[in-house]
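Reading through the structure tokens given below for one structure.
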Amino acid sequence: MEKERQVLVVFPHPDDEAFGVSGTIATHVQNGTPVTYACLTLGEMGRNMGNPPFTNRENLPKIRREELKAAAQALGIQDLRMLGYRDKTVEFEDEEALTNVMSDLISELNPSLVITFYPGYSVHPDHDATGAAVVRAVERIPAAARPKLHCVAFSNNCVQELGEADIINNITHVADKKLAAIQAHRSQTEQMFSDVEEKLKNQDPQIMVWINNERFWTYKFTN
Ligand SMILES: [Zn+2]
């Protein structure tokens, strides 16, 4: 992985960073690169409250805030920003205002690399709206001065329409940190993690590929 000056990661939900990007984040941290993670919401509309329930609607944001902090700590992220938007409503935010928030972050941090969702290929409306705002903010910067923009995509049609991911980061050397980050989001991942853990123990080839490789599409600007 190339050494970056500063990395800015922007996602709408606590745990969006854990599955597809946390090994990449941990690697940049290990390389001595400052990483800022801007998380738009606290995922407070999440339906997963356990069975039997471990919390209620009122307390879920508090729990997810603590989980997010724990995940950031597991990855060594020093600069975690919680932007205070409401879960499941990012798509209804004023586009211009949201773009300006992203522009402000970029001018403050001057990242050499920005990571977000690929708008239109990220399944959840919050994901697409977040990615779109980041794309608009980067697009405003003159082409020669833009940071690299690496996007996560996972809709069924993403490979068909975008082609294969042009960046695949092997993160085997920090897989333990990635697993710790996934586990930190207990309220969301505990049930699935026991299943993953079993497969890890057995070195299930599919799960190993999934854990150890993180794929990104470099955003292609038209101007
Ligand atoms: Zn999400």
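In terms of modelled atom types and a separation under 3.5 Å, the side chain of D94 and the main chain of A97 share a donor-acceptor contact. For the pair R64 (side chain) and G43 (backbone), a donor-acceptor distance under 3.5 Å is present. Using modelled atom types, one side-chain atom of S122 and one backbone atom of V152 make a donor-acceptor pair closer than 3.5 Å. Side-chain atoms of D204 come within 3.5 Å of backbone N or O of Q206 as a donor-acceptor pair. No donor-acceptor pair closer than 3.5 Å links the side chain of N170 to the backbone N or O of N213. At least one donor-acceptor pair under 3.5 Å links the side chain of N202 to the backbone N or O of E198. Remark: the backbone N or O of E95 is paired with a side-chain donor or acceptor of R136 at under 3.5 angstrom. Side-chain atoms of N212 never come within 3.5 Å of backbone atoms of I171 as a donor-acceptor pair (strictly under, hydrogens ignored). Side-chain atoms of E91 do not come within 3.5 Å of backbone N or O of P125 as any donor-acceptor pair. Remark: the backbone N or O of G23 is paired with a side-chain donor or acceptor of E214 at under 3.5 angstrom.
Distance CD/E44 to CZ/R65: 10.0 Å, rounded to 0.5 Å. Interatomic distance, L162 CG to T218 OG1, rounded to the nearest 0.5 Å: 11.0 Å. Separation of atoms CG (L105) and CG (L83) is listed at 6.0 Å; rounding is to 0.5 Å. Between the OH atom in Y118 and the CG atom in L149 there is a gap of 8.5 Å [rounded to 0.5 Å]. Between the CD atom of E197 and the CD1 atom of I207 there is a distance of 12.0 Å, given to the nearest 0.5 Å. Atom SG of C39 is separated from atom CE of M82 by 8.0 Å, given to the nearest 0.5 angstrom.
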Legend entry - side chain to side chain contact (heavy atoms under 4.5 Å, CB included) assessment of W210 paired with F19: CA-CA 9 Å; W210 176 71; F19 296 99; 3.7 Å; yes
Legend entry - CA sep, side-chain torsions, deciding dist, call: T189, Q183, side-chain hydrogen bond (donor to acceptor under 3.5 Å, both in side chains): CA-CA 6 Å; T189 59; Q183 264 185 306; over 6 Å; no
Inset, instruction - Evaluate the side chain to side chain contact (heavy atoms under 4.5 Å, CB included) criterion for residues V10 and L40: first the C-alpha distance (whole Å), next the side-chain angles of each, then the deciding distance (0.1 Å), finally the verdict. - result: CA-CA 8 Å; V10 187; L40 272 71; 3.7 Å; yes
Inset, instruction - Please lay out, stage by stage, how Q73 and L68 fare under the test side chain to side chain contact (heavy atoms under 4.5 Å, CB included). - result: CA-CA 9 Å; Q73 200 172 24; L68 177 58; over 6 Å; no
Inset, instruction - Take E93 and K88 through the salt bridge (charged side-chain N to carboxylate O under 4.0 Å, His left out) test and state the conclusion after the steps. - result: CA-CA 10 Å; E93 289 294 329; K88 298 218 163 113; over 6 Å; no
Inset, instruction - Output, in order, the C-alpha distance, side-chain angles, deciding distance and verdict of side chain to side chain contact (heavy atoms under 4.5 Å, CB included) for I106 and V138. - result: CA-CA 8 Å; I106 292 169; V138 175; 3.8 Å; yes
Inset, instruction - Test R81 against E108 for salt bridge (charged side-chain N to carboxylate O under 4.0 Å, His left out), laying out the working first. - result: CA-CA 13 Å; R81 316 265 181 115; E108 178 200 332; 2.8 Å; yes
Inset, instruction - Check the pair K148 / E2 against salt bridge (charged side-chain N to carboxylate O under 4.0 Å, His left out), numbers first and verdict last. - result: CA-CA 12 Å; K148 280 173 288 185; E2 231 173 284; 3.4 Å; yes
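Around CG of N56, the count of heavy atoms belonging to other residues, nucleotides or ligands within 6.0 Å exceeds 12. Enclosure of atom CD in E96 by more than 12 non-hydrogen atoms of other residues, nucleotides or ligands within 6.0 angstrom is indicated. Other residues, nucleotides and ligands place more than 12 heavy atoms under 6.0 Å from the NZ atom of K3. Within a 6.0 Å sphere centred on CD of Q78, other residues, nucleotides and ligands contribute 12 heavy atoms or fewer.
Counting only N and O atoms by type, the side chains of Y37 and E17 include a donor and acceptor under 3.5 Å apart. Looking only at atom types and distance, the side chain of S112 has no donor-acceptor partner in the side chain of Q6 under 3.5 Å away. Side-chain atoms of T33 and E4 form no donor-acceptor pair, as typed in the model, at a separation below 3.5 Å. Inspection of the N59 and K62 side chains reveals an N or O donor paired with an N or O acceptor under 3.5 Å.
When all heavy atoms are compared, the tightest approach of R140 to S103 is NH1-OG, 3.7 Å. The shortest non-hydrogen separation linking A165 to R215 is CB-CB, 3.6 Å. The minimum heavy-atom distance linking K178 with S22 is given by the pair CG-OG, 3.0 Å. Considering all non-hydrogen atoms of both residues, A137 and T99 come closest at N-CG2, 3.6 Å. Contact between V123 and S155 at its shortest, heavy atoms only, is CG2-CA, 3.7 Å. Minimum interatomic distance between C151 and Y219 (heavy atoms only, all atoms of both residues): SG-CB, 4.0 Å.
Taking the six-membered ring for Trp and thresholds of 30 and 60 degrees, H13 and H124 have ring planes more than 60 degrees apart, a perpendicular arrangement. In this pair, F117 and H127 present their aromatic rings parallel. The plane angle is below 30°, not in the 30 to 60° band.
Residues Y85 and L98 meet the side-chain proximity criterion, which asks for heavy atoms closer than 4.5 Å. Within the 4.5 Å cutoff, the side chain of D16 has no heavy atoms near those of the D126 side chain. Side-chain contact between R5 and N110 is present, with at least one heavy-atom pair separated by less than 4.5 Å. Annotation: side chain of P147 is in contact with side chain of V114 (closest heavy-atom distance under 4.5 Å). Looking at heavy atoms from C-beta onward, W217 lies in side-chain contact with D166 at the 4.5 angstrom threshold. Residues V174 and L75 are not in side-chain contact: their nearest non-hydrogen atoms beyond the backbone lie 4.5 Å or more apart. Side-chain contact between I211 and L179 is present, with at least one heavy-atom pair separated by less than 4.5 Å. Side-chain contact between E67 and P14: absent, with no pair of heavy atoms (C-beta onward) separated by less than 4.5 Å.
Linking Ile, Leu, Val, Met, Phe, Trp and Tyr whenever their side-chain heavy atoms come within less than 4.5 Å puts V9 and L42 in one cluster. Under the 4.5 Å side-chain contact rule for hydrophobic residues, F154 and V21 share a cluster.
Annotation: cation-pi pair R146/F221 present, NZ/CZ under 6.0 Å from the ring centroid and within 45° of its normal.
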